[in-house]
Amino acid sequence: MSIPTGGGKTLASLNFALHHALKTGKRRIIYVIPYLSITTQTAKTFRDVLGLNSDSDVLLEHYSTAGMQRSADVADNASSEFEDAGEHQRKLAAERWDNPIIVTTMVEFLETVMSARGTKLRKFHNMADSVIIFDEIQSLPMNTINLFNEIVSFLSKITNSTILLCSATQPLLEKTKRENLLLSEKPDLIAETESYEDKLRRTRIVASAENKSCDELGQIIYRQARKNGNCLAIVNLKKEAREIFQCLERLDVNHEFELIHLSTAMCGRHRTDCLNRIGALLDPGNPKPVICVSTQLIEAGVDISFACVVRAMAGLDSIMQAAGRCNRNGESVEPKNVYVYPLKDEDSMERYLPDIAMGKQLTLQIMENYPGKDLLSSNILEQYYDMLLRKKDGNGKGGYTDCPIRGRAEGATTAYDLLSFNECDRSQFTNTTGGKYGLCFAQAFQTVSDNFHVIPDVTHNVVVPYGQATELLDMLHRGELSEKISVLRRLQEYTVSLFDDDYRDSESLDCVSAAFSTQAGEGCFWRGSLYANH
């Protein structure tokens, strides 16, 4: 289902799923979302449309926050005799996925199907004979493409599930060198999508190849906000978001605008509060104009509409998603401009965000190859995805799209190989024993389960002093074990993940302290004022 941004694909896909399930007798609807930040928004939309209250067991909202969830899992496994009836029911529902409607994340989906743990795999059989919707499919991590293709092809062809891939910028997943996405003969639910592009055209891309500093981009954002009444700026790095926000604070000496900063350096509850604040400020009846500076977390699925968007240069799919936050509801009959500039000094992207770094370079290359061409056209987007796949796909064997797994004692390989022929371990067997491995199957399920992480497990999870976090930590120290399990889950929305460098910097500034170490889990607390100021 390819629908331009603002075309209503969330409700359209739910509408399709309900009618299709009724017609074909499918058992449930599973809605998979790329970002944790929009699960609550989507679940609320579904509850409102279907007339469900928050306690209804028709819809299960299930997701995890990596580190805190692992602590909660440890507590779950150690404490079943202490659970009350409600907690026990919640745990079973999350393990089984047997509710009629499931709203979950791509991280939870992929780590479930790649797991060797029984508690994860209990969900798998309930994916059979279901309608499974993948929203914003362009956000699928590139290193998991071939694994994802195999999984959904299996669910479709073997377990009789209907798979729906939704996006305004549909990636060419079927065109990897493995060609292992088994699409239907006529896969598009909507014919002649080109005509919808023109009818739903609400923006135009104004892109420049001239590098800007954070201060220069801040000045551009401020001018556009004064010209258009408000502005959303989206950048690639948390450091850039902070510097541009500080630049805007210096420029806005008369406090003409409400300035809002969003990034993954903020806990989930803080981000949700900021998004709600933005929605209120964008209401036509609100006299205070707003400027928001955000990392890419605001790009896909967040239902807000600014009069102007400024985007740091990135992949063309990200730019198009950013454009979907501008004039989203057609407030202006004439398309509004989305301004795109490359930022200087983004060397760290190569290390921490290699996919975004590559996307940025490919977009600049397309601008050079097709000067003056409409960057929002489907033809240009296909060119971009084709170039991206050729860069990442390698030779189709052991390439990046097969999900490389590094650091094993036996050598480097891919999750795809370990779950198929497993040439690496067959060769290791021959080298060790001198004989040929004689069995048909050699899948290394446990190895993949232990090493597969959608979000690399190289961060430190820190509880921050926001909202009810301090109160919950007190409860964690004082409560019974059954209460601590619930508290750990509630603490997830007050948690941020820090890379090693950031964590060491915070420790050196005496901002982080050990907060808890109990049978239910362990973690750290950000006790300084830096987070609140940020």
Side-chain angles (χ1 to χ4, degrees), residues 5-8 10-11 33 35-49 53-54 61 103 136 202-203 218 221-222 224-235 238 241-242 244-246 248-249 251-311 321-332 336 338 464-469 493-494 496 531-534:
T5 50
T10 300
L11 289 179
I33 300 172
Y35 301 123
L36 194 59
S37 56
I38 56 175
T39 51
T40 301
Q41 170 190 295
T42 303
K44 182 181 183 302
T45 298
F46 288 176
R47 287 192 181 100
D48 290 345
V49 167
N53 60 44
S54 58
E61 187 180 352
V103 176
E136 307 291 359
R202 291 164 183 170
T203 57
I221 293 162
Y222 194 71
Q224 291 299 336
R226 299 193 77 180
K227 178 180 176 181
N228 292 278
N230 60 57
C231 187
L232 169 64
I234 304 176
V235 294
K238 290 182 284 188
R242 182 174 66 249
I244 290 171
F245 182 82
Q246 291 168 344
L248 290 167
E249 285 183 313
L251 291 170
D252 193 34
V253 290
N254 296 321
H255 304 291
E256 183 179 344
F257 292 93
E258 181 91 15
L259 302 179
I260 293 181
H261 177 204
L262 276 172
S263 89
T264 51
M266 301 158 67
C267 67
R269 171 49 57 185
H270 195 171
R271 293 198 302 266
T272 298
D273 290 346
C274 285
L275 287 170
N276 290 337
R277 177 69 178 146
I278 291 168
L281 289 166
L282 290 174
D283 188 283
N286 194 304
K288 183 86 170 180
V290 59
I291 300 175
C292 174
V293 183
S294 176
T295 55
Q296 67 188 83
L297 69 90
I298 204 169
E299 243 169 30
V302 179
D303 191 11
I304 54 174
S305 181
F306 280 81
C308 179
V309 169
V310 177
R311 180 65 166 94
Q321 291 293 335
R325 307 318 117 195
C326 181
N327 196 26
R328 184 176 178 85
N329 302 317
E331 294 89 349
S332 170
K336 301 288 287 185
V338 173
V464 296
Y466 184 84
Q468 296 180 300
E493 62 178 348
Y494 299 106
V496 297
Y531 176 78
N533 290 342
H534 181 65

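- Between Ile298 and Cys292, the shortest heavy-atom contact is CD1-SG, 4.3 Å.
- Shortest non-hydrogen contact noted between Ala322 and Ile234 is CB-CD1, 3.7 Å.
- Taking each heavy atom of Phe257 and Lys288 in turn, the nearest pair found is C-CE, 3.6 Å.
- Here the SG-CG distance, from Cys274 to Leu297, works out to 10.0 Å after rounding to the nearest 0.5 Å.
- Checking side-chain atoms of Arg271 against main-chain N and O of Met266 turns up a donor-acceptor pair under 3.5 Å.
- With Phe306 as the partner, the side chain to side chain contact (heavy atoms under 4.5 Å, CB included) test is satisfied by one option alone out of Val338, Ile291, Asn228, Val290: Val290.
- Between Cys308 atom SG and Gln224 atom CD the span is 4.5 Å, to the nearest 0.5 Å.
- In terms of heavy-atom proximity, Ser305 sits nearest to Cys326 at OG-C, 4.4 Å.
- Of the possible polar contacts, none joining the Arg269 side chain to the Tyr494 backbone as a donor-acceptor pair under 3.5 Å is found.
- Between Lys336 and Ala307 the shortest heavy-atom distance is CE-O, 3.0 Å.
- For the pair Arg226 (side chain) and Tyr222 (backbone), a donor-acceptor distance under 3.5 Å is absent.
- Using modelled atom types, no side-chain atom of Arg277 and backbone atom of Asp273 make a donor-acceptor pair closer than 3.5 Å.
- Residues Asp303 and Arg328 form a side-chain contact, since some pair of their non-hydrogen atoms from C-beta on lies under 4.5 Å apart.
- In this structure, Asn254 contributes its side chain and Glu256 its backbone to no donor-acceptor pair below 3.5 Å.
- Using modelled atom types, no side-chain atom of Arg325 and backbone atom of Val309 make a donor-acceptor pair closer than 3.5 Å.
- For Arg47, the salt bridge (charged side-chain N to carboxylate O under 4.0 Å, His left out) partners two or more places apart in sequence, or in a different chain, are Glu61.
- Remark: Glu249 CD to His255 NE2 distance equals 9.5 Å, nearest 0.5 Å.
- The two residues Val293 and Ala241 have their closest heavy-atom pair at CG1-O, 3.7 Å.
- With sequence neighbours left out, Thr295 forms a side-chain hydrogen bond (donor to acceptor under 3.5 Å, both in side chains) with no residue at all.
- Thr264 OG1 to Gln296 CD: the interatomic distance, rounded to the nearest 0.5 Å, is 8.5 Å.
- A salt bridge links Glu299 with Arg311: the distance from a Lys NZ or Arg NE/NH1/NH2 to an Asp or Glu carboxylate oxygen falls below 4.0 Å.
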